[in-house]
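Below is one structure, written out as structure tokens, with a few remarks after it.
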Amino acid sequence: MAEPLLEAVDLNVERGGRQLIQDFALRLSPGQLVQIRGSNGAGKTTLLRVLSGLSRFAYTGSLQRTQPLLFIGHQSAVKTLLTPRENLLFHVTGEDFGEEREIDQALAIVGLYGFEDVPVSQLSAGQQRRVNLARLFLTDRMLWLLDEPFTALDQAGVSLLEDRFGQHLSQGGAILMTSHQPLRTLRPHSEVDLSEL
């Protein structure tokens, strides 16, 4: 059995004095897609941030990541005074990719050809989301943690993203994601409902 890219055992997280996540366990191996579900306030975003190492909330239990990860939150996370190209240059610092040309190619893939040098403040919410999601076409990281990646995307955007997910999984990558909506073309290897924990 392949070594997991992410493993959590007996993970417990408190927020605001209440137990938000209790006895959470997960083993995410290469080629696997796991979808986290739950009602608003169930702790999906908190869990992803804890698993990624970005949360300020304390946790108990065991957490191990064997690979560098890419985390994309549910908000656009772009600087509106910068252009899409400038935003991506900022985000991919330290990534193993070639030139600015590859950023322009990624922007073209997500439907932003011709918008490379337009201030993000002039783009729609869906276009701003696509700027951030273009990172998925630039990264070489095998472990992806994605919080509501389909937010503000139209059907074409959702299809594009699912195609990219499939490609990543076939190359040995792994994805842990939250989503209120079911995947259309991909089937998760498993689903975790935080409302039932």
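The analysis underlying the following values was restricted to heavy atoms, covering all of them including side chains, and did not include hydrogens, waters or symmetry mates. The first residue of the sequence shown is numbered 1, and numbering continues consecutively from there.
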In chain order, what residues pass the salt bridge (charged side-chain N to carboxylate O under 4.0 Å, His left out) check against [X], with sequence neighbours excluded?
X      : result
Arg85  : Glu100, Asp104, Asp117
Glu14  : none
Arg130 : Asp154
Glu162 : none

Any pair counted as salt bridge (Lys or Arg N to Asp or Glu O under 4.0 Å), so long as it reaches [range], sequence neighbours left out:
range            : answer
residues 142-151 : none
residues 164-186 : none
residues 32-47   : Arg37-Glu191

Test item: [X] and [Y] side chains (from C-beta on) under 4.5 Å apart, heavy atoms:
X      : Y     : result
Ile21  : Val50 : no
Leu48  : Phe71 : yes
Val120 : Pro84 : yes
Leu11  : Leu47 : yes
Pro4   : Thr66 : no

query = Between Gln128 and Leu123, is there a donor-acceptor pair closer than 3.5 Å when you use the side chain of the first and the backbone of the second?
reply =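 Yes, because the side chain of Gln128 sits within donor-acceptor range (under 3.5 Å) of the backbone of Leu123.
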Donor-acceptor contact present, side-chain Gln32 to main-chain Ser29, <3.5 Å =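 Yes, because the side chain of Gln32 sits within donor-acceptor range (under 3.5 Å) of the backbone of Ser29.
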request  = Kindly write out the residues that satisfy side-chain contact (heavy atoms from CB on, under 4.5 Å) with Pro68, not counting sequence neighbours, or none if the list is empty.
outcome  =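 Listed in chain order: Arg141.
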query = Considering residues at least two apart in sequence or located in another chain, which fulfil the side-chain contact (heavy atoms from CB on, under 4.5 Å) criterion with Leu161?
reply =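 Residues passing side-chain contact (heavy atoms from CB on, under 4.5 Å) with Leu161: Leu133, Leu136, Pro149, Phe150, Leu153, Phe165.
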request  = Provide the full list of ring-ring contact (aromatic ring centres under 6.0 Å, His included) pairs with a residue in residues 123-148, sequence neighbours left out, each pair given once.
outcome  =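 Found Trp144-His168.
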key: For Arg135, all residues meeting side chain to side chain donor-acceptor pair (under 3.5 Å), sequence neighbours excluded   =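 Listed in chain order: Asn132.
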query = Sequence neighbours excluded, which residues qualify as side chain to side chain donor-acceptor pair (under 3.5 Å) partners of Ser52?
reply =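 Ser52: no side chain to side chain donor-acceptor pair (under 3.5 Å) contacts found.
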Over 12 foreign heavy atoms within 6.0 Å of CD, Gln171 =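 It does: Gln171 CD has more than 12 such atoms within range.
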request  = Find the distance between CG (Leu20) and OH (Tyr59) and round it off to the nearest 0.5 Å.
outcome  =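 If I round to the nearest 0.5 Å, the distance is 15.5 Å.
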